[in-house]
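See below for the structure under consideration.
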There are 2 protein chains.
Amino acid sequence: MELQLQIKMNKKLFLRDPEQTELGKKIIQHSIEVINKNGFEAFTFKKLAEDINSTEAGIYRYFENKHKLLMYITSWYWSWLEYRIMIHTLNVKDPVVKLKKVIQLLTATVEDDINTSHINENNLHQIIIAEGSKAYLTKHVSADNKDQFFKPYKDLCAKVGEIIQECNPAYKYPKSLSSTIIEMAHFQNFFMNNLPALTDFGKEDDTKVIAYLEDLVFSAIK
Amino acid sequence: MELQLQIKMNKKLFLRDPEQTELGKKIIQHSIEVINKNGFEAFTFKKLAEDINSTEAGIYRYFENKHKLLMYITSWYWSWLEYRIMIHTLNVKDPVVKLKKVIQLLTATVEDDINTSHINENNLHQIIIAEGSKAYLTKHVSADNKDQFFKPYKDLCAKVGEIIQECNPAYKYPKSLSSTIIEMAHFQNFFMNNLPALTDFGKEDDTKVIAYLEDLVFSAIK
DNA sequence: ATTATGAGATAGTAATACTATCTTTATGAA
DNA sequence: TTCATAAAGATAGTATTACTATCTCATAAT
C-alpha cells in the first residue's frame with residue numbers, strides 16, 4: 001500500500017496550484033530552504049528563481065507575493081500538525097495522555113515525513129519558529145482572516161482547546177491556553193537557541209521545554 | 001518640582017542621539033505614529049520624512065536603518081516598563097502583590113506618561129503588541145544580542161523572574177514563565193482584537209486577559 | 001490540426017534602501 | 001566681529017525589490 005498525503009489548501013492563497021506541477025513543487029520545496037537559510041525579510045522571488053533555475057515571473061504565476069507564500073507554507077504546517085495530532089491520538093481515551101502527546105508534537109524536533117516528498121518538515125518547523133508569527137502580525141490580518149487564511153491555525157487551536165476541556169470542563173480559558181501552548185512551544189525554542197537569558201533551558205533541549213509546558217498546562221487545569 | 005524622565009539608550013542603536021535634538025525627537029515621535037498607523041513593513045524613512053517635513057537623508061543621520069529604529073523604540077518601551085514596575089512595587093513586601101501588579105502593568109492599556117513629552121505611550125504599546133517580536137525574529141538576532149540590543153527586554157524578564165522566585169523559590173522555570181507572561185500579555189491582546197477564535201476574550205477587554213494570566217501564573221507557582 | 005497549458009526569456013517601471021555631496025543656518029567661543 | 005562647527009535642508013544618484021507585461025516555445029489533450 002502506497003499513500004500520498006495531500007493537504008487541501010485554501011485556493012485564494014495561490015494563483016496556480018503549486019501541488020499540480022513540477023515547478024510548483026520546486027517553488028514550495030526551495031522556498032522552505034531559502035527562507036530558512038536567509039530569513040523571510042531577505043527572501044525574494046528573484047533569489048528563489050535563481051535557486052531553482054527558473055525565472056522571477058515564473059514564480060509570480062503561482063503566488064501573488066512572498067507574504068501569500070509564507071501564509072501558504074505556514075497553513076500547510078498547521079494542517080499537517082493537526083493531522084499528526086489526529087493520528088497520534090486516535091484510540092487514545094485519556095485526554096491527559098492526548099494533551100501530553102499534543103505538547104510533544106508541538107515542541108519536539110520533527111523527523112522528515114516520508115509521505116510528503118518535496119517538503120522538508122524539519123526546515124519547515126524552523127520557519128514556523130522564526131517566521132510563523134509574521135504571517136499574521138500585519139495590518140491586513142483582519143482581511144486575511146476573512147479570506148480564511150488562518151483557518152488551519154484556528155482549527156488546530158480549537159482542537160487543542162477541546163482536549164483541554166475534556167481534561168477539565170470547568171476550565172475557563174481553553175482557547176487562550178491553547179494558543180499560549182502553541183506559541184510558547186515555538187517561542188521558548190527560539191529563545192533557548194537565540195536569547196537564552198529568556199529561558200531556563202540549554203541549547204537544543206526540547207525535553208525541558210516539554211516539561212515546562214506540561215507543568216504549566218496541568219497546573220492550570222488542575 | 002519638575003521632573004523629566006530620561007532613559008539611557010544603547011549608543012550603538014543610533015548614529016546621532018535623537019534625544020539631543022529637535023529633529024531627533026520628532027523622528028521618534030512620528031515614527032511611533034507612522035509605524036502604528038501603517039505597520040512596520042509599510043514604514044519607510046521617506047514616508048516618515050514627508051510626515052515631519054524633513055528629508056530621508058536627514059533621518060539616516062540618526063538611524064542606520066528602520067530595524068535599528070524599531071529596536072530603539074522597543075528597547076525604550078521595555079526600559080520604561082521596568083521603570084514603571086519599579087515605581088509601582090516600591091515598598092511592596094508581598095511578592096504575590098508585586099507579581100499581580102506586574103501582570104496588570106504588562107497587560108492594561110497605558111495612560112499617556114506626562115514625564116515623556118514626545119512619546120505617546122499608548123501608540124507605543126500598540127507597536128509592541130503588533131511589531132515587538134519582529135525586533136528579534138531575525139537572522140541577525142545573535143549579533144544584535146552581542147551588541148546588547150535586547151538588554152532592556154532581558155532585564156525586565158530577569159526582574160519578573162526574580163519576583164516569581166520570591167513567590168516560590170522552588171519553582172523550576174522562573175525565566176521561561178516570565179517570558180511567557182510578557183509575550184502572552186501582548187499576543188493575547190493581539191488575538192482578541194484580530195483573531196478572536198484564538199482567545200476566550202471579547203474585544204478590548206484587558207481585565208479578562210489579566211484574570212487569565214493571573215490564573216496561569218499562580219497555578220504554576222502554586 | 002487546433003488549442004490550451006506550463007514555463008522560459010526578456011523588458012520595463014515604481015518604489016525601496018540606501019550613500020554622497022553641497023549649501024544654509026544657528027550657536028557659541030576666541 | 002570673526003571663525004569654527006554642528007544640525008539639517010536640498011539634491012542627486014545607485015542597486016535592489018516588487019512587481020507587470022509580452023512574446024515564444026514545447027507538450028499534451030481534443
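Every value quoted in this text rests on a predicted model; they were computed, and no experiment measured them. So that the names make sense, note that chain A is the first sequence line, chain B the second, and so on, each numbered from 1.
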Can a donor-acceptor pair be found between the side chains of A/Y62 and A/T21 at a distance below 3.5 Å?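 On atom types as modelled, these side chains qualify, holding a pair under 3.5 Å.
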Can you figure out which of C/dC18, C/dA7, C/dA9 approaches the side chain of A/T21 most closely? C/dA7
Ignoring hydrogens, what is the shortest heavy-atom contact between A/I28 and A/P18? Give both atom names and the distance. CG1-CB, 3.8 Å
Mind checking which nucleotides bracket the chain B contacts on DNA chain D, 5' to 3', with an atom under 4.0 Å from a heavy atom?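 Counting from the 5' end, contacts occupy D/dA7 to D/dT11.
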Does any non-hydrogen side-chain atom of B/M9 lie less than 4.5 Å from one of B/S75? yes
Do B/N189 and B/T107 have side chains that get closer than 4.5 Å, going by heavy atoms? no
Nearest-Å distance, [atom1] ([X]) to [atom2] ([N])?
X     : N      : atom1 : atom2 : answer
A/N65 : C/dA14 : CG    : C1'   : 16 Å
A/E22 : C/dG6  : CD    : C1'   : 12 Å
A/K25 : C/dA7  : NZ    : P     : 11 Å

Classify [X] by what it touches in the nucleic acid, base, sugar-phosphate, or nothing, heavy-atom distance under 4.0 Å.
X     : value
B/K26 : nothing
A/R61 : base
A/E56 : base

Would you mind checking if A/K134 and A/E41 are paired as a salt bridge, meaning a charged N to carboxylate O distance below 4.0 Å?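 Looking at A/E41 and A/K134, the cut-off is met.
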Do the rings of B/F201 and B/Y212 sit parallel, tilted or perpendicular, given the 30° and 60° boundaries? tilted
